[in-house]
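Computation of the quantities below employed the complete heavy-atom set of this structure, encompassing side-chain atoms and omitting hydrogens, waters and symmetry-equivalent molecules. In what follows, residues are counted from 1 in the order of the sequence shown.
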Amino acid sequence: MRRSEERGSFVTDTKTKNTPVIWEKLPAVILTAFFCCTLWGSASPSIKIGYQLFGIGADDTPSRILFAGIRFAIAGLMVLAAGSAAAGRPLVPKRTSWRYVAALALCQTIIQYIFFYMGLAHTSGVRGSIVNAAGTFFSIFLSVFAFRFEKLTRNKVIGSILGFVGVAIIVSGGQGLAAAAEGSFSLQGEGALLLAAFSSALAGCLIKRFSQREDPVTLSGWQFLLGGLVMTALGYAAGGRLHPGSSLCIPLILYMGFISAGAYTFWGILLKYNPVSRVSVLGFINPVMGVLLSALFLHEGTEAFHGITILALLLVCLGIYVVNRQPKPAAEKV
């Protein structure tokens, strides 16, 4: 869930009397956004490192689902524990809200991450980080045409075109769409990642609608937990097994749970105390950190700093910036 619209953020509509002014200061906004995007950017390399540490092969789909399920069950418990502590009471959905939890668990966790984990098993962390940014642009079209949350503007059209061109460049290796169809584009790799990005965008729109009826923290925590438990059960029933081969396995999977719980929480705090446009424009940091961290931890520096990758990354980041750029108000007439 990127996202008040895109990451399932924990946003409330009103400020409390004890508003922590620090969250409204620009340096705090930038540093917190950088922290969140660094967490999200570390997801791709963390998943691929996890495949190695837990002995999960590229074609071992049940074990990948089991691995993802445990991660998100942990994330759900973290979110619910933190949210309950902050609220001073256990966070439990209303009886009528369980259908919302189920819908979000299906889109945000189960479908999105089955395809995301599949895609990362068949492509590089660098490519995965850039292709995943397509979710920002899918969110725009779903929000405009399917859910009618907002109107289509010139900036959204131009930004989306720039972003999709960047994604097309990276999946085709710079050789155009024909080359992508001939082999640079993999349905199990980049294709699965695009489906994951679309599912994430759909979940973002759903939580925006559902949060009008239920606390978004409660929705997010329970959908993580429910989705994680379903994926864990499916993966185990299908024969998935994890084979920890290092003392780093437990810290890694706990960190991966924190990626989701921590990033969503702090991004939501920013969105609570700042205009959405001021925060969401900083989302361009996400694919940048994904590429840099993949280069650092997965030794993909050659691909990360290739001219084609840099061009695709610049186009995606520029597209995100243009989409979120607010037009200057017209001068008042006197």
Q: Please determine if R71 forms a cation-pi arrangement with Y113, meaning its NZ or CZ atom is less than 6.0 Å from the six-membered ring centre and no more than 45° off the ring axis.
A: yes
Q: Taking S42 for its side chain and L39 for its backbone only, find out whether a donor-acceptor pair lies under 3.5 Å.
A: yes
Q: Can V316 and F284 be said to form a side-chain contact (heavy atoms from CB on, under 4.5 Å), step by step?
A: CA-CA 8 Å; V316 168; F284 77 88; over 6 Å; no
Q: Using side-chain contact (heavy atoms from CB on, under 4.5 Å), reason through R209 and Y100 one step at a time and then give a plain yes or no.
A: CA-CA 10 Å; R209 173 165 289 177; Y100 305 145; over 6 Å; no
Q: Measuring only between side-chain heavy atoms, which start at C-beta, is L66 closer than 4.5 Å to M231?
A: no
Q: About how many Å separate CD1 of I285 and CG of L292, when rounded to the nearest 0.5 Å?
A: 11.5 Å
Q: Establish, yes or no, whether a centroid distance under 6.0 Å links the rings of F137 and F164.
A: yes
Q: Where is the tightest heavy-atom contact between L270 and A33, given as atom of each residue plus distance?
A: CD1-N, 3.7 Å
Q: Could you tell me whether the side chain of R241 and the main chain of Y236 form a donor-acceptor pair under 3.5 Å?
A: yes
Q: Taking the side chain as everything from C-beta on, heavy atoms only, tell me whether T38 gets closer than 4.5 Å to L293.
A: yes
Q: Quick check on the hydrophobic clustering: are L142 and I111 connected, directly or via other members, by side-chain heavy-atom contacts under 4.5 Å?
A: no
Q: If you look at every heavy atom in A73 and L225, which pair is closest and at what distance?
A: O-CD1, 3.7 Å
Q: At what distance, to the nearest 0.5 angstrom, does SG of C205 lie from CZ of F138?
A: 12.5 Å
Q: Evaluate whether atom CZ of F198 has more than 12 neighbouring non-hydrogen atoms of other residues, nucleotides or ligands under 6.0 angstrom away.
A: no
Q: Are I161 and V323 linked, directly or through other ILVMFWY residues, by side chains that come within less than 4.5 angstrom of each other?
A: yes
Q: So, does K48 use its side chain to make a donor-acceptor pair with the main chain of L120 at under 3.5 Å?
A: yes
Q: Give the minimum heavy-atom separation between G159 and V322, together with the two atoms involved.
A: N-CG1, 3.7 Å
Q: Go through V92 and T218 one step at a time and tell me if the side-chain contact (heavy atoms from CB on, under 4.5 Å) criterion holds.
A: CA-CA 7 Å; V92 180; T218 303; 5.9 Å; no
Q: Should we say atom CZ of F54 is surrounded by more than 12 heavy atoms from elsewhere, each under 6.0 Å from it?
A: yes
Q: Do L252 and I250 belong to the same hydrophobic cluster, where Ile, Leu, Val, Met, Phe, Trp and Tyr are linked whenever their side-chain heavy atoms lie under 4.5 Å apart, directly or via other members?
A: yes
Q: Measure the shortest side-chain to side-chain distance between L298 and V126 over non-hydrogen atoms and say whether it is less than 4.5 angstrom.
A: no
Q: Could you check whether any side-chain N or O of S97 sits under 3.5 Å from a backbone N or O of P93, counting only pairs where one atom can act as donor and the other as acceptor?
A: no
Q: What are the two closest non-hydrogen atoms of P244 and L242, and how far apart are they?
A: CD-O, 3.4 Å
Q: Quick one: name the residues clustered hydrophobically with I30, using the 4.5 Å side-chain heavy-atom rule over I, L, V, M, F, W, Y, and just say none if it's on its own.
A: L26
Q: Just by distance, do the side chain of E214 and the backbone of K94 share a donor-acceptor pair under 3.5 Å?
A: yes
Q: Rounded to the nearest 0.5 Å, what's the gap from CG on L248 to CD1 on I49? Could you check?
A: 9.5 Å
Q: Do S211 side-chain atoms and K208 backbone N/O form a donor-acceptor pair below 3.5 Å?
A: yes
Q: Give, for atom CZ of F224 and atom CD1 of I74, the distance between the pair rounded to the nearest 0.5 Å.
A: 12.5 Å
Q: Can you name the nearest heavy-atom pair linking L226 to A105, along with the distance?
A: CD2-CB, 4.0 Å
Q: Report yes or no: does S84 contribute a side-chain atom to a donor-acceptor pair with the main-chain N or O of L91 at less than 3.5 Å?
A: yes
Q: Regarding S124 and E303, do their side chains bring together a donor and an acceptor under 3.5 Å, going by distance alone?
A: yes
Q: Which atom names give the shortest non-hydrogen contact between I207 and L219, and what distance separates them?
A: CG1-CD1, 4.4 Å
Q: With heavy-atom distances below 4.5 Å as the criterion, would you say the side chains of V101 and F210 are in contact?
A: no
Q: Mark yes or no for whether S160, through its side chain, and K156, through its backbone, hold a donor-acceptor pair below 3.5 Å.
A: yes
Q: Determine whether T61 and R64 satisfy the following criterion, side chain to side chain donor-acceptor pair (under 3.5 Å), listing intermediate values before the conclusion.
A: CA-CA 5 Å; T61 300; R64 286 201 305 272; 3.0 Å; yes
Q: Do the ring planes of W267 and W40 sit parallel (below 30°), tilted (30 to 60°) or perpendicular (above 60°)?
A: perpendicular
Q: Supply the atom-to-atom distance F305 CZ to L313 CG, rounded to the nearest 0.5 angstrom.
A: 10.0 Å
Q: Would you say the side chain of V29 lies within less than 4.5 Å of the side chain of W23, judging by non-hydrogen atoms?
A: no
Q: With side chains defined as the heavy atoms from C-beta onward, is the minimum distance between V144 and R148 less than 4.5 Å?
A: no
Q: Should the heavy atoms of other residues, nucleotides or ligands under 6.0 Å from OH of Y321 be counted, would the total exceed 12?
A: no
Q: Please answer whether the main-chain N or O of C107 pairs with a side-chain N or O of S199 as donor and acceptor at a distance below 3.5 Å.
A: yes
Q: How many angstroms lie between atom SG of C36 and atom CG of L282, to the nearest 0.5 angstrom?
A: 10.0 Å
Q: With side-chain contact (heavy atoms from CB on, under 4.5 Å) as the test, would you mind laying out the steps for L229 and F72 before giving the verdict?
A: CA-CA 8 Å; L229 291 176; F72 288 108; over 6 Å; no
Q: Same hydrophobic cluster for F116 and V291, using side-chain heavy-atom links shorter than 4.5 Å among ILVMFWY?
A: yes
Q: Within the supplied structure, the quantity of interest is the number of heavy atoms (other residues, nucleotides, ligands) at a distance under 6.0 Å from H122 NE2; does it exceed 12?
A: yes
Q: Taking the side chain from Y51 and the backbone from Y117, do they hold a donor-acceptor pair closer than 3.5 Å?
A: yes
Q: In terms of hydrophobic clusters joined by side-chain contacts under 4.5 Å, are V288 and I310 together?
A: no
